[in-house]
Amino acid sequence: MEDYVVKHVDLQKQTHLVDQLAELQATAASKHLIRSKGGPYIRTKYTVSLHPFGEQLWPENIPARITSLAQLRAAIRCILLALKDLHAANFAHTDIWWPNVIKCSNNAFCLIDLETAVELGCKWTDAKHGPKRSCWPDKILTRGKYAAKSDLMLVGQMLKQPELPSLDESGDLFAKQLLAKSISVESALRHVWLQT
C-alpha cells in the first residue's frame, strides 16, 4: 500500500496556488501538516501528491475514529501544533473542520487541505479569496482580517461537535476560550485540558 495520496482538483483559474503551496511547504515544516511528496503543478488539473496517508474524519465516522477524550485531546493537540507551525510561517488555514483532519495512527492526526491557506492577517475579500467558508461562525474576521485567532475559533467550534465524546468542565471552558478568540495557540497548547 502507498503511503501517500494523489489529489486532483479542477483549479485551473487559481494558478497562484502552486506558488503559494510551494512557499507554504518550504516554510511551514510540521509533522502535523500534510506535506507534498510531488507537485503541486497544474496541467489540466491542479495535482499534488500528499503524505502521510490517513483516515479522513467525516462526521459520520468520527465516533469510530475518536473514541475517547484522550484521543480527542491528541487530535486537538496535533491540530494546534500544526497551526503553531503554520502561523509561524505567516499562514492561516481558514478551513479547519473534521473532514480536513486525518487520523494517521491511534494518537497522531494531521491537518490537510492547505489549498485554502492565506497570508496571516490578510484583509478578506471574496474577489481574492472566494466566498467565506461554510464552516465559519459569525465574527470570525477581526476588522475584516483573518487572524491566527480566527483559526483557533474554528478549533473551538470543532470541540462542540455532538458526535464527539462529551467534554468535561475544563474542556468546555477550553472550547469557549477558543470560540471567544481569547487565547493564543501557545496558551492553548499549555491549557490544563490538554495536559490531563
Would you confirm whether [X], through its side chain, and [Y], through its main-chain N or O, come within 3.5 Å as a donor-acceptor pair?
X: Asp151; Y: Thr94; value: yes
X: His93; Y: Leu111; value: no
X: Lys103; Y: Arg65; value: yes
X: Asp172; Y: Leu167; value: no

Trace of the side chain to side chain contact (heavy atoms under 4.5 Å, CB included) decision for Leu159 with Leu72: CA-CA 8 Å; Leu159 280 168; Leu72 179 58; 4.0 Å; yes
Full working for side chain to side chain contact (heavy atoms under 4.5 Å, CB included) between Leu173 and Val192: CA-CA 10 Å; Leu173 174 63; Val192 66; over 6 Å; no
Kindly check if the number of other-residue, nucleotide or ligand heavy atoms within 6.0 Å of [atom1] ([X]) is above 12?
X: Lys160; atom1: NZ; value: yes
X: Gln195; atom1: CD; value: yes
X: Lys181; atom1: NZ; value: yes

Considering all heavy atoms, the nearest [X]-[Y] contact:
X: Asp95; Y: Leu154; answer: N-CD1, 4.3 Å
X: Ala75; Y: Ile66; answer: CB-CD1, 4.3 Å
X: Asp138; Y: Met153; answer: O-CE, 3.3 Å
X: Arg143; Y: Lys123; answer: O-NZ, 3.5 Å
X: Cys110; Y: Cys104; answer: CB-SG, 3.8 Å

With Tyr146 via ring-ring contact (aromatic ring centres under 6.0 Å, His included) - residues at least two apart: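 In terms of ring-ring contact (aromatic ring centres under 6.0 Å, His included), with neighbours along the sequence ignored, Tyr146 is linked to Trp136.
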Same apolar cluster: Ile79 and Leu194, side chain cutoff 4.5 Å: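 Same cluster.
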side-chain hydrogen bond (donor to acceptor under 3.5 Å, both in side chains) involving Asn106 - partner list, sequence neighbours excluded: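 Listed in chain order: Gln71.
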Which atom pairs, donor and acceptor, lie under 3.5 Å between side-chain atoms of residues 182-189 and protein residues at least two apart or in another chain?
{"residue": "Ser182", "atom": "OG", "partner": "Gln177", "partner atom": "O", "Å": "3.2"}
{"residue": "Ser184", "atom": "OG", "partner": "Ser187", "partner atom": "N", "Å": "3.1"}
{"residue": "Ser184", "atom": "OG", "partner": "Ser187", "partner atom": "OG", "Å": "3.2"}

Stepwise side chain to side chain contact (heavy atoms under 4.5 Å, CB included) check, Ile76 with Phe109: CA-CA 8 Å; Ile76 296 299; Phe109 297 82; over 6 Å; no
Can you tell me how far [atom2] of [Y] sits from [atom1] of [X], rounded to the nearest 0.5 angstrom?
X: Asn107; Y: Ser68; atom1: CG; atom2: OG; value: 7.0 Å
X: Phe91; Y: Leu120; atom1: CZ; atom2: CG; value: 9.5 Å
X: Ile96; Y: Asn100; atom1: CD1; atom2: CG; value: 8.5 Å
X: Trp98; Y: Met158; atom1: CH2; atom2: CE; value: 4.0 Å

Heavy-atom side-chain proximity of Leu179 to Val155 below 4.5 angstrom: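 Sidechains of Val155 and Leu179: no contact.
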Leu69 and Trp193, any side-chain heavy atoms less than 4.5 Å apart: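 A side-chain contact under 4.5 Å exists here.
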NZ/NE/NH1/NH2 to OD/OE distance under 4.0 Å, Arg73 and Asp168: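 Answer for the salt bridge query: yes.
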Under 3.5 Å side-chain donor-acceptor pair for Lys149 and Thr142: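 Not at all, the side chains of Lys149 and Thr142 share no donor-acceptor pair under 3.5 Å.
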